[in-house]
Amino acid sequence: MQGIKRTHMVTELSSANVGERVVLTGWVNTRRDHGGLIFVDLRDRSGLIQLVFSPDADTEAFAKAEKVRSEYVLAAVGEIRRRSEETINPKLKTGEIEVTVCELRVLNKAKTPPFYIEEDTDVDENIRLRYRYLDLRRPDMQENIMLRYKVTRAARNFLDRKGFLEIETPMLTGSTPEGARDYLVPSRVNPGKFYALPQSPQLFKQILMVSGFDRYFQIVRCFRDEDLRADRQPEFTQIDMEMSFVEVEDVLNLMEEMIADTFKEAAGIDIETPFPRFTYKEAMDRFGSDKPDLRFGMELKDFTETAANSDFKVFAGVAASGGQVKGINAKGCADFSRKEIDDLTNFAAIYGAKGLAYIVVTDEGPKSPILKFFKEEEIKAIMDGFEAEPGDLLFFVADKPSIVANSLGALRVELARKKKLIDPDVFKFAWVVEFPLVEYDDEERRWVAIHHPFTSPFEDDIQFMDTEPAKVRARAYDIVLNGVELGGGSIRIHNREVQEKMFALLGMSREEAVEKFGFMLEAFEYGTPPHGGIAFGLDRLVMLMAQKDTIRDVIPFPKTQSATDLMTHAPSEVTLRQLQELHIKISTAKAKK
RNA sequence: GGAGCUGUGGUGUAGAGGCCUAACAUGCCUGCCUGUCACGCAGGAGAUCGCGAGUUCGAAUCUCGUCAGCUCCGCCA
């Protein structure tokens with residue numbers, strides 16, 4: 001690049017620049033060699049522009065262009081010319097112009113890439129991840145990464161305007177019980193001791209409130225050593241914040257404003273506020289999910305009472321033993337084949353449903369193998385409850401409430417997908433509030449926090465913490481977008497007594513509580529303001545904005561489902577010497593050599 | 001920990017016991033071509049069908065195992 005300097009990104013140029021001498025840099029997207037005339041589409045992150053090489057313009061440049069191949073890195077000096085009317089390419093942003101090149105520099109050659117650098121690709125993800133640097137060259141991925149930047153910029157600007165301070169918290173911190181598995185980091189100078197990478201900056205941001213910073217935020221990496229999913233990576237990014245002297249309402253209102261602002265700023269999308277709010281109970285009852293997708297209807301209906309009195313032993317038995325019988329009306333699905341219904345039954349079984357009863361509503365009335373067990377008025381109750389019309393297909397699950405909700409909740413979404421009821425361009429937000437504080441974990445045989453152990457119970461419910469913990473509501477809230485949990489938070493406990501009570505409820509001994517969270521309990525005694533906060537999953541937010549199915553498409557360097565990085569080959573083995581320094585021995589059982 | 005799907009030239013697919021000496025498209029290489037934009041035309045190279053066992057006279061094709069990627073359950077806010 002000696003003696004020349006880039007003058008423009010390629011799509012900054014238009015007919016307005018005709019006649020100008022420009023210097024452009026970028027990659028060879030495609031080359032079209034006509035023998036006596038060569039076209040090269042030059043690509044930079046902004047887009048494409050057509051370079052024209054002709055012996056009439058410069059023989060040396062033309063000779064070089066003959067040797068150029070895909071993905072070569074070029075610097076081209078040339079003049080912007082208007083294309084003749086019939087050669088204008090409406091598909092290109094710069095399609096009205098082209099660059100007649102008078103000097104070409106090949107800054108670097110490139111091997112033939114293993115896949116096309118183009119918008120649509122259905123290349124095996126294996127290969128995309130191995131050659132991530134090439135995958136990231138694709139316009140689609142470039143847009144995702146740029147969108148991600150715009151989102152963080154918008155959120156940062158918004159929070160700055162609202163008086164938040166961006167403050168960093170440690171990456172090397174202590175392991176705590178509760179919540180996800182920690183990623184551990186051995187301490188060389190403290191043999192046998194480990195740091196944990198943060199699952200979230202939870203404790204630190206609360207301490208910052210104790211310190212009087214009042215409003216904190218951070219766009220921060222978090223780590224959880226759990227199994228991966230399309231929307232779950234071991235390291236992910238949160239837009240994390242905490243505020244002093246706030247109530248639930250304050251947080252919800254401010255966040256609605258932030259979301260609307262961010263969507264507008266980053267993507268030009270208008271978001272309607274306020275968002276509908278559901279209590280946890282209502283969400284579970286109506287949608288069978290604590291992250292309801294509001295882009296379509298098909299709500300769950302409860303027929304437990306009808307079923308309890310019926311002669312259908314399967315339903316009546318479940319109802320009698322504290323279970324539920326609920327159903328969903330698959331509108332217009334009466335034409336489903338036996339196989340389709342079987343497939344849906346198998347689908348429901350994944351979520352623990354032992355069966356999927358159904359009634360087909362025909363022009364001649366309801367038809368089903370189970371109808372004979374129901375009395376006339378019971379059938380009418382069901383049909384009325386569903387507002388069933390000819391053409392409908394009614395599904396039922398009878399089981400304990402959690403299985404009914406899970407299976408029907410999932411079935412509802414599956415049916416909507418199958419029937420294409422989901423408009424991909426719609427963004428439906430919701431708040432889910434009044435989560436239970438704790439739930440009983442059968443495996444651990446103790447109460448566990450649904451949100452986390454620092455979530456404040458409703459003032460009125462504190463009295464039930466000793467007697468009926470399941471009844472205690474938390475001052476917690478989740479934000480849901482299109483059936484995806486986007487974020488969550490709560491008003492926190494800010495006094496030592498309640499916090500100790502919470503630890504005790506979770507089965508933590510006084511000693512253990514002091515050992516793990518003593519600093520927190522102590523801090524609470526030095527003038528802690530009431531405070532609360534929320535954290536958004538940035539990856540999921542950007543994924544939904546970009547209309548992608550996985551957060552891997554909005555993370556530059558994601559990991560595979562088995563938590564490996566196919567480009568760097570992390571995690572990798574380390575030398576014996578490194579292990580010795582860290583005072584670590586590998587048990588041979590599962591470790592591969 | 002479990003269930004399912006996928007794996008065939010560089011890439012995307014076809015082939016589903018013998019017609020395979022593995023096909024098609026694209027990419028790649030060579031030549032021709034001064035208005036293309038997925039340029040075109042002609043020719044060429046390129047695959048022990050993820051890996052390992054087994055069944056069979058015969059396996060890309062069937063069986064078992066294994067590895068990798070993906071989706072989901074469990075797990076995880």
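Just so it is clear: chains get the letters A, B, ... in the order the sequence lines come, proteins before strands, and each one is counted from 1.
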Do [X] and [N] share a donor-acceptor pair, side chain to base, under 3.5 Å?
X: A:Arg31; N: B:U36; value: no
X: A:Arg69; N: B:C29; value: no
X: A:Arg229; N: B:G74; value: yes
X: A:Tyr351; N: B:G74; value: no
X: A:Arg232; N: B:C76; value: yes
X: A:Asp124; N: B:G12; value: no
X: A:Glu98; N: B:G35; value: yes

Counting any heavy atom closer than 4.0 Å, what does [X] reach on the DNA or RNA strands: base, sugar-phosphate only, or nothing?
X: A:Gln199; answer: sugar-phosphate
X: A:Asp56; answer: base
X: A:Thr94; answer: nothing
X: A:Ile450; answer: base
X: A:Arg224; answer: sugar-phosphate
X: A:His451; answer: base
X: A:Asp290; answer: base
X: A:Thr112; answer: sugar-phosphate
X: A:Glu125; answer: sugar-phosphate
X: A:Gly537; answer: nothing
X: A:Asp122; answer: sugar-phosphate
X: A:Ser562; answer: sugar-phosphate

[N] [atom2] sits how many Å from [X] [atom1], rounded?
X: A:Glu66; N: B:G31; atom1: CD; atom2: P; value: 9 Å
X: A:Asn29; N: B:A38; atom1: CG; atom2: P; value: 11 Å
X: A:Arg540; N: B:C76; atom1: CZ; atom2: P; value: 14 Å
X: A:Gln561; N: B:C67; atom1: CD; atom2: P; value: 15 Å

Can you tell me, in whole Å, how much space there is between the [atom1] of [N] and that of [M]?
N: B:A25; M: B:A14; atom1: P; result: 15 Å
N: B:U13; M: B:G54; atom1: C1'; result: 30 Å
N: B:G65; M: B:A77; atom1: C1'; result: 38 Å
N: B:U55; M: B:C64; atom1: C1'; result: 10 Å
N: B:U61; M: B:C20; atom1: C1'; result: 11 Å
N: B:A60; M: B:A16; atom1: C1'; result: 9 Å

Taken to the nearest 0.5 Å, the spacing of A:Asp44 CG from A:Leu24 CG works out to 8.0 Å
So CD1 of A:Ile328 and CG of A:Leu408: to nearest 0.5 Å the spacing works out to 6.0 Å
Closest of B:A77, B:C37, B:G74 to the A:Asn406 side chain is B:G74
Notebook entry, point to check: Which class fits the ring pair A:Tyr133 and A:Tyr131: parallel under 30°, tilted 30 to 60°, perpendicular over 60°?
Noted result: perpendicular
Aro-ring/base stack A:Phe39-B:U36, d under 5.5 Å, angle under 30°
yes
Near-parallel close stack of A:His34 and B:C33 base (under 5.5 Å, under 30°): no
For this session: Would you please test A:Leu197 and A:Glu235 for side chain to side chain contact (heavy atoms under 4.5 Å, CB included) and show each step?
Result: CA-CA 10 Å; A:Leu197 301 180; A:Glu235 52 180 311; over 6 Å; no
If we ignore hydrogens and angles and just use 3.5 Å, is the side chain of A:Tyr440 paired with the main-chain N or O of A:Arg445 as donor and acceptor? yes
Margin query: Tell me whether A:Arg232 is salt-bridged to A:Asp227, with the criterion being a basic N under 4.0 Å from an acidic carboxylate O.
Written below: no
Salt bridge check: are A:Arg277 and A:Glu434 linked by an N-O gap of less than 4.0 Å?
no
